[in-house]
**Student:** 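Quick one: structure below, then a few questions.
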Amino acid sequence: MMSKKRTIDAYFSIPKAKKPRAVNLITVKDESRKLATSPKISDDDDTTDHSTAATDKEPLDYTTHASYPFPIPRLSGNLETEISGLPARAARVIADQPDLDLLYFEPYISRRISRQLFEFLRDELPFYRVEYDITRGPTKTHIRTPRWTTVFGLDETARFETNPPSGSNPPSDRPSSTERVVDARTGKPIPVGQIDMEGPRKEAGYKAIPRPIPHCLDVLRKSTEAATGCQFNFCLVNYYASGADSISFHSDDERFLGPLPAIASFSLGASRDFLMKHKPPKSEPGEAKSNGTSKPPLKLPLVTGDMVLMRGRTQANWLHSIPKRSGRNEWDGGRINITFRKALVKGGTENYYQYNVGSGPVYKWNNAAQEMRPWTEAPEL
């Protein structure tokens with residue numbers, strides 16, 4: 001995510017965590033035992049018979065919502081089964097440097113299935129190329145996000161309430177529903193869209209229009225929660241069209257994520273380097289900055305299907321990036337990054353939709369042109 005202005009005016013208390021559904025929680029204590037007993041899986045992957053999944057490419061039906069620009073197909077039954085049963089391999093703990101706490105799944109999704117999922121999500125999700133202005137002192141800079149983005153989810157203070165429309169009889173392959181946003185505590189409806197965040201209704205609703213996580217991503221979210229013991233309510237998706245698309249060093253340490261956020265980051269498609277470096281130590285008032293040589297960044301060569309869970313004090317003390325690639329590696333066939341997070345307050349919802357959806361046009365993958373193209377709604381017949 002690009003650097004941005006904080007959206008929360010005051011600190012908040014962290015709500016009591018819900019009991020996680022941890023069926024495959026991996027800890028430092030039992031890591032060596034798990035890895036020792038885990039079957040070895042090569043880069044070309046597993047011994048499972050995927051012949052049925054490979055040929056079953058027709059979606060069963062669609063996830064629909066008023067905030068979606070178009071219906072989003074659900075995963076096929078076979079692909080859903082494969083992803084629901086993950087992870088494909090136990091995690092490796094990386095915690096040998098100060099304030100670093102990572103789980104590294106190599107892979108989490110089998111190589112073969114991850115390639116299918118990459119093509120499915122690139123074909124079927126709505127994407128955006130967000131542009132915005134930032135002002136630092138007297139200088140105003142226009143930013144065009146150097147990758148395609150999309151986001152789904154809602155923070156802990158609210159939830160989606162589903163009400164089937166009365167008298168409706170939708171086609172069996174496109175179930176319809178109306179979902180409104182309600183207060184998580186009281187159940188009262190919350191207005192969304194075009195709320196004047198500076199006016200008297202600042203706390204009354206959302207300027208953004210939240211969108212529920214579609215089935216094709218929610219299956220992976222549930223699997224990730226079960227494997228890690230963490231809980232997530234947001235899904236951010238980045239599409240890097242080539243090695244020229246990138247994200248600079250940053251940390252996801254926004255206050256709306258809480259002090260020790262857990263972020264699960266999946267890589268699909270082309271292999272890319274994931275760089276991490278420790279934040280420079282803060283100097284005390286009157287203390288000269290250190291001239292010591294910093295350590296080289298930690299590099300994880302992410303391959304399709306890999307997942308990194310960043311947790312504990314990692315976000316507070318480390319930066320991460322996906323650098324550009326050039327030369328023959330620039331045109332790498334594209335990469336999708338999926339991250340699951342847990343936003344605690346409304347500011348998280350506003351922030352994620354502002355910087356990952358924005359107010360610009362919708363884009364959708366065009367197979368014939370092999371690129372993202374502006375999407376326009378088909379006229380009604």
**Student:** Is NZ or CZ of K346 both nearer than 6.0 Å to the six-membered ring centre of Y206 and within 45° of the ring axis?
**Tutor:**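 Yes - K346 lies over the ring of Y206, closer than 6.0 Å to its centre and within 45° of its axis.
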**Student:** Going from CD1 on I190 to CG on L154, what distance comes out if it is rounded to the nearest 0.5 angstrom?
**Tutor:**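 Reported value, rounded in 0.5 Å steps: 7.5 Å.
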**Student:** Is a donor from one side chain sitting under 3.5 angstrom from an acceptor on the other, for N337 and S265?
**Tutor:**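 Yes, S265 and N337 have a side-chain donor paired with an acceptor closer than 3.5 Å.
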**Student:** Just checking, is any N or O donor in the side chain of H278 or N317 under 3.5 Å from an acceptor N or O on the other one?
**Tutor:**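 Side chains of H278 and N317: no pair found under 3.5 Å.
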**Student:** Classify the side-chain pair Y108/S223 by whether it contains a donor and acceptor separated by less than 3.5 Å.
**Tutor:**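 Present: a donor and an acceptor within the cut-off.
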**Student:** Taking the six-membered ring for Trp, are F234 and F152 ring centroids under 6.0 Å apart?
**Tutor:**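 No: the rings miss the under 6.0 Å criterion.
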**Student:** Check the pair E131, R144 against salt bridge (charged side-chain N to carboxylate O under 4.0 Å, His left out), reporting the backbone distance first and the verdict last.
**Tutor:** CA-CA 4 Å; E131 300 187 35; R144 185 171 189 262; 3.5 Å; yes
**Student:** Whether D273 and K324 form a salt bridge (side-chain N of Lys/Arg under 4.0 Å from carboxylate O of Asp/Glu) is what I want to check.
**Tutor:**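 Salt bridge between K324 and D273, a charged N being under 4.0 Å from a carboxylate O: no.
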**Student:** Answer with yes or no whether the hydrophobic clustering places V151 together with I143; edges join I, L, V, M, F, W, Y residues whose side-chain heavy atoms lie under 4.5 Å apart.
**Tutor:**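 V151 clusters together with I143.
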**Student:** Does the ring of F105 carry R89 above it, NZ/CZ under 6.0 angstrom from centre and within 45° of its axis?
**Tutor:**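 No, a cation-pi geometry is absent between R89 and F105.
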**Student:** If we count only N and O atoms by modelled type, under 3.5 Å, do the side chains of D101 and T314 hold a donor and an acceptor together?
**Tutor:**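 No, because no side-chain N or O of D101 sits under 3.5 Å from a partner of the opposite role on T314.
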**Student:** Looking only at side chains, do T150 and R211 share a donor and an acceptor under 3.5 Å apart?
**Tutor:**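 Yes - a donor-acceptor pair under 3.5 Å links their side chains.
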**Student:** Would you say the rings of H320 and F274 are close, in the sense that their centroids are separated by under 6.0 Å?
**Tutor:**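 Yes; H320 has its ring centre under 6.0 Å from that of F274.
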**Student:** Under the rule for side-chain hydrogen bond (donor to acceptor under 3.5 Å, both in side chains), what residues qualify as partners of T339, not counting sequence neighbours?
**Tutor:**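 T339 satisfies side-chain hydrogen bond (donor to acceptor under 3.5 Å, both in side chains) with R341 once adjacent residues are dropped.
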**Student:** Write down the atom of F70, the atom of L125, and the distance for their closest heavy-atom approach.
**Tutor:**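 Closest approach of F70 to L125, heavy atoms only: CZ-C, 4.0 Å.
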**Student:** Centres of the Y363 and W148 rings: under 6.0 Å?
**Tutor:**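 Yes: the rings meet the under 6.0 Å criterion.
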**Student:** Would you say the side-chain atoms of N78 and S76 include a donor-acceptor pair closer than 3.5 Å?
**Tutor:**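 S76 and N78 do not have a side-chain donor-acceptor pair below 3.5 Å.
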**Student:** Under 6.0 Å between the ring centres of Y68 and Y62?
**Tutor:**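 For Y68 and Y62, the ring centres are not under 6.0 Å apart.
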**Student:** Could you check N233 against E156 for side chain to side chain donor-acceptor pair (under 3.5 Å), going step by step and ending with a plain yes or no?
**Tutor:** CA-CA 8 Å; N233 55 24; E156 285 290 282; 3.1 Å; yes
**Student:** If the threshold is 4.0 Å, N to carboxylate O, is there a salt bridge linking D245 and R147?
**Tutor:**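 Looking at R147 together with D245, the answer is no, because their closest N to O distance does not fall below 4.0 Å.
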**Student:** What's the shortest heavy-atom distance between R129 and T145, and which atoms?
**Tutor:**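 Taking R129 first and T145 second, the nearest heavy atoms are NE-O, 2.7 Å.
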**Student:** Does the ring of F127 carry K364 above it, NZ/CZ under 6.0 angstrom from centre and within 45° of its axis?
**Tutor:**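 No.
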**Student:** Find out whether the Lys NZ or Arg CZ of R221 is both under 6.0 angstrom from the six-membered ring centre of F340 and within 45° of the ring's axis.
**Tutor:**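 Ring-cation test returns no.
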**Student:** Scan R111, R92, R272 and name whichever one has a salt bridge (Lys or Arg N to Asp or Glu O under 4.0 Å) with D306.
**Tutor:**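 That would be R111; it is the only one of R111, R92, R272 passing the salt bridge (Lys or Arg N to Asp or Glu O under 4.0 Å) with D306.
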**Student:** Does a sphere of radius 6.0 Å around NZ in K279 hold more than 12 heavy atoms from other residues, nucleotides or ligands, not counting ones at 6.0 Å or beyond?
**Tutor:**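 More than 12 heavy atoms, drawn from other residues, nucleotides or ligands, come within 6.0 Å of this atom.
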**Student:** Side chains of R136 and T141: donor-acceptor distance under 3.5 Å anywhere?
**Tutor:**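 Not at all, the side chains of R136 and T141 share no donor-acceptor pair under 3.5 Å.
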**Student:** Tell me whether the NZ or CZ atom of R373 lies within the 45° cone about the ring axis of W365 and under 6.0 Å from its centre.
**Tutor:**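 No - R373 does not lie over the ring of W365 by the 6.0 Å and 45° rule.
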